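A short worksheet on the structure shown next.
Since the model is a prediction, treat every value here as computed from it, not as a measurement.
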Number of protein chains: 2
Amino acid sequence: MADVAQLAGVSSQTVSRVSNGFPGVTEDTRRQVLDAMRELGYRPNSAARALRRGEFRTLGVITFSLSTMGNIRTLEAIATSAAQHGYAVTLLPVAVPTQDEVNGAFSRLGELAVDAVIVIMEIHLLDAATVSLPPGVQVVVADSDAGDRYTVVDTDQAGGARDAVRHLLDLGHDTVWHLAGPEGSFAAQRRANAWSDTLRAAGRMTPPLVRGDWSAESGYRAGLRLADEPDCTAVFAANDQMALGLLRALHERGRRVPDDISVIGFDDIPESASFLPPLTTIHQDFAQVGRLCVEGVLDKMRQDGAEHGTTLVPTRLVRRESTGPRRR
Amino acid sequence: MADVAQLAGVSSQTVSRVSNGFPGVTEDTRRQVLDAMRELGYRPNSAARALRRGEFRTLGVITFSLSTMGNIRTLEAIATSAAQHGYAVTLLPVAVPTQDEVNGAFSRLGELAVDAVIVIMEIHLLDAATVSLPPGVQVVVADSDAGDRYTVVDTDQAGGARDAVRHLLDLGHDTVWHLAGPEGSFAAQRRANAWSDTLRAAGRMTPPLVRGDWSAESGYRAGLRLADEPDCTAVFAANDQMALGLLRALHERGRRVPDDISVIGFDDIPESASFLPPLTTIHQDFAQVGRLCVEGVLDKMRQDGAEHGTTLVPTRLVRRESTGPRRR
DNA sequence: CCAGTGGATGTTTACGTAAACATTGCCCAG
DNA sequence: CTGGGCAATGTTTACGTAAACATCCACTGG
């Protein structure tokens with residue numbers, strides 16, 4: 001910076017003003033400074049900048065292995081939205097979802113150049129990690145339900161699940177089976193709860209819950225069991241991947257979809273339109289979730305805390321060919 | 001830091017030594033300092049640290065929208081591997097793959113707290129962006145082929161494609177059709193080149209190339225055309241998503257897989273084992289690619305440049321049920 | 001008993017920037 | 001023509017850390 005100042009024949013402070021786009025600099029001077037910058041290949045040192053300003057203009061994102069489509073899409077939206085607000089995004093991967101790993105991520109966080117944090121993860125493991133959160137670092141949690149202790153942004157899991165079940169009931173099915181996500185997942189839990197609540201509210205029998213782990217493979221295994229249930233005419237899978245495996249199992253067992261069994265998924269991943277048959281599913285607006293996370297955390301930084309709350313992003317039923325009226 | 005020093009009754013330099021794990025501090029002193037740190041909730045200011053040390057311990061990753069599985073998995077591996085080396089990862093999303101956007105990302109890069117950069121993208125757009133690369137910032141490119149100008153780490157696209165084609169030829173098919181990725185993609189291009197090279201080397205006819213855009217939807221559209229080709233008994237799809245769409249189209253048109261037509265994919269996404277039928281495909285080791293990117297870029301930082309080169313990560317054929325011997 | 005040695009700790013300084021305050025010089029109202 | 005005011009620019013300083021150098025002290029060997 002001093003070199004630039006010298007070459008441009010001004011003081012370093014003027015260079016600073018130019019590089020920050022501050023007013024009070026003649027057009028002539030500005031041009032000279034910019035020329036000098038270009039000539040010397042000057043680029044501001046962000047460490048010094050951060051040190052001086054007391055902020056990094058960077059958001060940290062803690063997330064589990066980017067194996068689920070939802071997390072990825074959310075992350076992408078966060079990165080894009082953050083960039084629009086002039087913030088960079090630093091990734092804090094947590095390889096294994098154990099309490100130790102999470103605590104580790106949070107403590108690394110303490111040494112990280114980050115102004116605020118967005119957490120994309122199940123809240124279970126977040127509980128004990130609370131303590132190690134550096135003071136003054138704001139947090140927003142996505143895909144969780146700790147609205148009382150954190151600010152949360154999430155898809156309206158319950159609403160989506162309710163829509164899925166109702167869709168199938170409306171088609172004339174007596175009841176709806178549920179292929180749930182793993183026990184540890186709050187998203188899975190809420191979808192499952194909404195499923196049974198909706199059935200109960202409609203006065204229907206609640207079939208035993210079948211559990212998978214989000215993977216297509218687990219959906220396949222579950223599907224082999226469901227194919228043998230004579231009463232089963234409609235299944236709500238907690239995500240599209242499991243629905244894919246389910247479709248495969250049903251096909252192998254000669255159960256036609258939707259003629260014998262209707263299947264509905266959750267997420268609306270791009271591929272689901274190309275399943276056999278194309279999957280009816282609940283569309284999640286991940287981009288919106290990511291955007292709200294960023295805006296939420298920036299808001300909190302400005303207001304220094306504020307109260308917690310939960311923002312729900314609505315879902316949308318996408319009707320394709322895997323669901324149809326009950327035939328007996 | 002001064003506060004900690006005062007509370008512990010030592011100098012700030014001793015605190016620094018403790019916080020960096022340097023030797024030459026009595027166990028007693030160390031404990032006192034650590035206690036003081038805990039009591040005051042001290043966490044080192046990474047901006048000051050970076051300023052003083054002249055490095056950020058952060059890698060920048062430039063990538064297009066995280067829509068393809070490969071990019072995501074690579075990114076994940078990069079983040080994990082970087083963490084193991086004590087580096088954080090900052091994401092630089094490029095929303096739209098236009099030259100302007102790429103240049104923009106590179107210029108933002110100049111202001112970013114980053115020691116080196118890993119680029120996951122097609123090289124086309126990288127060309128003109130070269131100029132704006134800040135001097136002294138090392139670059140490694142994944143998923144590309146500019147080995148002469150950049151250090152490149154990539155899956156052995158050609159080898160994988162060759163294996164795919166040979167697998168089908170070995171099964172007795174006269175020739176193999178190819179459902180290629182988008183024109184702009186170098187990965188797609190190399191897979192397509194290897195496909196035609198392999199056919200030519202085997203003295204087979206080269207059917208007209210069918211082009212998709214990586215999406216399942218485009219695979220479906222291409223599949224509708226291929227289903228009407230009476231000579232087509234084997235298709236090599238440039239990725240698994242397109243293979244999925246292809247399978248759907250073939251199914252709709254009543255062409256059985258693999259009895260009438262064999263299909264092989266590329267990538268081995270987790271879902272492909274649950275396609276109908278489970279997809280034979282070429283497995284890519286994205287984790288390895290990511291790891292090598294990180295190690296490569298760290299190496300370059302140490303050696304300050306070194307020469308460019310290309311590292312290829314081998315693929316593996318995963319045989320499932322979508323390919324079978326030709327039947328006439 | 002003393003010089004020498006080496007480990008433990010303290011002091012000074014610079015990293016690059018931007019806020020706060022200081023200075024310059026010009027314009028215009030009185 | 002003169003002083004007040006304001007825009008443009010310069011000077012000083014502090015941000016938190018760690019390298020380089022300085023100091024202190026206990027112990028060893030002659």
Give a yes/no verdict on a cation-pi contact between B:R17 and B:F22, requiring under 6.0 Å between NZ or CZ and the six-membered ring centre and an angle within 45° of the axis. no
List the steps and the verdict of side-chain hydrogen bond (donor to acceptor under 3.5 Å, both in side chains) for B:S19 and B:R49. CA-CA 11 Å; B:S19 98; B:R49 219 169 228 197; 3.0 Å; yes
Return no unless some side-chain N or O of B:T29 is found under 4.0 Å from OP1 or OP2 of C:dA8. no
Residues that B:T311 engages under side chain to side chain donor-acceptor pair (under 3.5 Å), provided they are two or more places apart: none
B:S46 side chain near A:F56 side chain, heavy-atom distance below 4.5 Å: yes
Could you tell me whether the side chains of B:T90 and A:T90 share a donor-acceptor contact shorter than 3.5 Å? yes
Can you give one letter per nucleotide of nucleotides 12-23 of chain C, 5' to 3': B if a protein heavy atom sits under 4.0 Å from the base, S if only from the sugar-phosphate, - if neither? --BBBBBBB---
Any donor-acceptor pair under 3.5 Å linking the side chain of B:D115 with the backbone of B:T58? yes
Once you round to the nearest 0.5 Å, how far does CG of B:L298 lie from CG of B:L59? 5.5 Å
Using C1' atoms of five pairs at each end, report the bend of the helix from C:dC1-D:dG30 to C:dG30-D:dC1 rounded to 10 degrees. 50°
Knowing that exactly one of B:V297, B:L292, B:I118 qualifies, which makes a side chain to side chain contact (heavy atoms under 4.5 Å, CB included) with B:I78? B:I118
